[in-house]
A.B. asks: 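Structure below; questions to follow.
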Amino acid sequence: MRRIFTLVTVFTLVATFAQAQISVNKILCENRTNPIGLDNTQPRFTWELASAAFNVSQTAYQIRVSTHSDFRKIIWDSKKVASDSSVHVGYKGKALSSHTKYYWQVKVWDNTKKASAWSETGYWITSLFNTTEWRAKWIGPGFTEDSLRASPMFRKAFSSTKKVSSAIAYITAHGLYEAQINGHRVGDAYLTPGWTSYGKRLQYQAYDVTDLLAIGNNVVGVTLGSGWYRGLIGFSNNQNFYGKDVALLFQLHVTYADGTSEVVLSDGSWKSSTGEITYAEIYNGETIDARKIKKGWALNGYNDAGWSGVQVMDYGFKTLLATYNEPIRKHETFKALRVLKTKKNEHIVDFGQNLVGWVKIRLKGKKGQKITISHAEVLDKDGNFYTDNLRAAKAQDIYILSGDGVELFEPHFTFHGFQFIKVEGYNADLNPDDFTAVALYSDMNPTGSFSSSNALVNQLQHNIQWGQKGNFLDVPTDCPQRDERLGWTGDAQVFSRTASFNMNVDNFFSKWLKDITADQTEKGAVPFVVPNVLGKGAVGSAGWGEAATVIPWNMYVAYGDKQVLKDQYGSMKAWVDYMKNQAKDDLWNTGFHFGDWLFYSVNDDTDGTSAVTDKYLIAQCFYAYSTQLLINAAQVLGKTDDYEAYGKNLKRIKDAFVREYVTSNGRMVSGTQTAYVLALNFDMLPEDLRPQAAARLVDNIKKYNDHLTTGFLGTPYLCHVLSRFGYTDEAYKLLLQDTYPSWLYPVKMGATTIWERWDGIKPDKTFETPTMNSFNHYSYGAIGDWMYRVMVGLDTYNDGPGYKHIKIMPHPGGGFTNASASLQTYYGTVSSAWAIGGDRLNFDVEIPVNTTASVYIPAKDAANVTDGGKPLKNGKPYQPANSKENYIMVELGSGTYHFTAPIEVQKATVK
Ligand code: BGC
């Protein structure tokens with residue numbers, strides 16, 4: 001019996017592997033699932049493959065596109081194409097039409113020449129390719145706005161007499177908009193149309209509203225808010241940055257089942273009025289007066305006789321473009337963790353997480369009763385509500401009750417950064433169930449997970465992810481709570497690689513990078529913030545301008561997205577040329593720079609304890625790094641002339657650096673950690689000077705009792721440089737350091753996001769200066785990249801970007817007994833996990849189909865390594881340069897692998 005059973009099992013296994021059919025798992029168009037409203041004429045297709053077998057790759061694909069879901073009318077058939085490409089494969093069929101739904105499928109052949117079945121059917125809907133297709137009019141309120149600029153509402157009744165087969169609404173606004181059709185909200189995106197450099201680029205959104213239309217009378221209703229367009233923006237509290245009047249543009253294409261169609265347009269026939277939103281500002285919050293609700297205004301039969309007409313404005317359509325990045329959506333909700341009363345008798349609700357969004361409340365009270373909801377990230381050392389760090393941002397939502405029973409309130413055109421709210425004007429004890437905090441952020445797919453045997457480090461990862469969620473709100477903002485919340489370029493560049501692990505930020509950054517290009521000066525200087533609301537002069541700082549080069553390169557590496565490099569190449573080159581033109585004798589040592597922002601400093605520093613790094617030394621490092629990234633991009637895009645020209649320039653930049661900032665013994669003019677980190681990370685020093693420079697860096701860390709002293713620019717690369725030069729132990733010491741300054745000190749102080757400052761809350765529980773003390777600033781969260789890429793070892797080779805050619809080289813150590821991470825790539829999930837069990841290291845990896853991986857097993861002798869319980873085959877010993885760490889390297893195809901190796905103390909100290 002047992003023999004028969006084994007035979008059956010073996011037979012099934014062989015049959016499975018033999019038969020293992022490759023299948024197409026997930027299909028994307030322009031990195032999205034069934035996108036509506038794409039205006040590019042050659043969208044790119046991506047598909048993920050699956051197979052139970054090992055070592056499976058694609059050898060050919062075939063794509064077909066049709067205007068019919070049964071593919072009876074083929075628009076494009078690629079036929080069988082011999083290729084292993086399955087990411088960003090461009091459409092090459094007949095010219096596409098505007099405002100049309102296209103269906104597509106793909107099938108592939110694997111390396112056993114077996115074909116897959118056709119994939120599920122995907123679709124995309126094209127938008128308006130030409131601005132001439134806009135027939136709607138820009139309309140504004142037909143009345144004089146009050147001083148508070150209450151949110152104007154627009155209404156239009158229209159009838160659709162026949163069965164509707166499809167209805168697509170194109171909407172945008174000057175200001176923010178929320179639309180309804182027959183009382184139903186259009187879509188689930190918030191703070192639309194999002195924030196771009198409105199003067200040059202204004203996104204519109206497309207919505208499939210087929211199900212919202214009724215045969216007969218219909219009503220569309222749209223409410224506007226000031227938003228980024230004319231609301232308070234920037235820290236000099238100026239309004240009307242892009243314009244002083246809000247306006248709506250609405251165009252609804254209705255196609256009837258009988259093939260006829262009609263268009264409903266915003267024009268002079270609409271009606272306007274105001275309602276319950278009597279005030280709304282992003283920084284200051286929103287006021288809703290429920291006594292002013294116009295019940296049923298967006299429903300058929302509502303009498304709008306008393307409403308005003310509208311003003312038709314002639315803003316034109318040349319800045320309009322379709323939306324590519326994910327919309328802002330509602331995500332996690334938080335119930336009240338606790339309700340408390342402070343010593344100052346304040347009624348507080350604690351949601352237990354510093355998040356970005358707003359609070360939904362349910363209240364019962366008297367007509368005209370005014371409830372004020374204030375928002376704060378922290379309580380002060382006496383447990384009282386603390387809002388000084390919000391500076392001029394009031395961050396208050398005010399609700400005036402109608403008195404009709406239980407009332408529900410939530411804002412529309414604002415957002416807050418908070419963990420705590422204070423409730424005023426409500427005389428009863430607060431019922432925690434009446435308060436729900438709602439997190440709002442760009443709806444990027446979560447892709448990465450990291451965990452380890454250390455709870456504090458896991459909390460650090462949590463804080464990094466919530467810092468990203470809190471600040472990726474259509475634009476990567478520095479902070480979400482005070483009168484700033486701006487697209488600071490430096491912060492975004494230092495965090496971009498970490499961000500690409502936690503979520504799919506490909507489209508998010510691709511969109512924002514186009515705003516960098518839009519706001520870059522003619523001379524190529526990159527603004528401090530994008531969209532640039534700080535003025536033409538707020539440009540050109542080293543480390544901040546690098547957003548123009550670092551982020552495109554990181555998106556290429558993380559997603560294999562060549563289009564980002566193509567789209568941004570001009571901007572990358574302009575920034576490098578700007579620095580080149582600023583430089584004298586290859587030295588860029590002029591102009592304003594932020595330097596190593598928020599480096600470790602002590603008051604009354606009489607002996608140079610503060611880690612002040614020469615700003616021009618830093619500038620020269622980033623001049624070189626951006627030039628290097630431009631060279632990389634030129635190589636990928638086959639721009640050989642640039643590749644050679646900038647290659648020569650790079651050498652001169654580095655030579656000038658050594659001449660200016662390095663003594664013949666290799667000592668830097670600034671002896672700070674950041675100086676050595678940047679010089680080593682960007683290969684500014686000749687090979688022979690590098691080991692001693694790394695040793696000086698480690699000496700410096702010891703001088704500060706194993707503490708870092710780096711600011712925004714040194715921090716992202718600190719641990720990378722230490723592990724690259726064989727000091728992984730020191731890197732772990734810094735990671736596990738939990739007194740100030742360190743990554744874990746805020747965690748120990750109860751942080752649930754990343755702080756702007758290493759000591760936002762000081763050990764004595766007092767606060768750093770309120771002039772600049774955000775508790776939700778992701779820059780220092782850039783350590784996440786090292787945790788994924790070095791600690792657990794998940795990485796991609798630049799020559800196989802987007803994890804086509806994966807590199808897995810973990811660095812067990814630091815007293816951790818396990819660490820693991822996984823990443824959802826366009827090819828599928830790649831993961832790495834190591835765990836120490838007794839005297840063996842267990843090491844599991846998962847490699848997606850259609851990729852290959854170079855996997856480095858921490859072990860000295862291949863003979864002691866097992867693979868799936870059997871002796872490992874084809875393992876090659878490997879030792880990284882500058883390090884004594886030992887690895888056995890194996891080249892792997894797709895599959896899941898389980899290796900074990902003897903625990904060998906991986907002495908990482910330098911050779
Ligand atoms: C912002 C930072 C930014 C810095 C540059 C601050 O106000 O919050 O995120 O990088 O200014 O100086």
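One-based numbering, in listed order, for ligands and for the atoms of each. Excluded from the calculations below are hydrogen atoms, water molecules and symmetry mates; all remaining heavy atoms, backbone and side chain alike, are included.
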A.B. asks: Fit a plane to each ring of F712 and W544, take the angle between them on a 0 to 90° scale, and name the class: parallel (under 30°), tilted (30 to 60°) or perpendicular (over 60°).
C.D. replies: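 F712 and W544: parallel rings.
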A.B. asks: With a 3.5 Å cut-off and sequence neighbours excluded, list the donor-acceptor pairs that the side chains of residues 386-393 form with protein atoms.
C.D. replies:
from	atom 1	to	atom 2	distance (Å)
N389	ND2	E377	OE1	3.0
N389	ND2	N773	O	2.9
R391	NE	D483	OD1	2.8
R391	NH1	T771	O	2.7
R391	NH2	D483	OD1	3.3
R391	NH2	E484	OE1	3.0

A.B. asks: Assess whether a salt bridge exists between R724 and D683, defined as any Lys/Arg side-chain N lying under 4.0 Å from an Asp/Glu carboxylate O.
C.D. replies: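 Judged by the 4.0 Å cut-off on N to carboxylate O distance, R724 and D683 do form a salt bridge.
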A.B. asks: Mind checking the OH-NZ spacing from Y441 to K469? Nearest 0.5 Å is all I need.
C.D. replies: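 The distance works out to 3.5 Å.
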A.B. asks: Measure the acute angle between the ring planes of Y578 and W575, then classify it against the limits of 30° and 60° as parallel, tilted or perpendicular.
C.D. replies: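 Aromatic pair Y578/W575 classed parallel.
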A.B. asks: Distance under 4.0 Å, heavy atoms only, partner ligand 1: which residues pass?
C.D. replies: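 Protein residues near ligand 1 are D478, R482, E484, W488, D491, W544, F594, W597, F712, E756, M772, H777.
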A.B. asks: Within 45 degrees of the ring normal and closer than 6.0 Å to the centroid, is that where the cationic atom of R757 sits relative to Y740?
C.D. replies: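 Because its charged atom misses either the 6.0 Å distance or the 45° angle limit, R757 does not stack over Y740.
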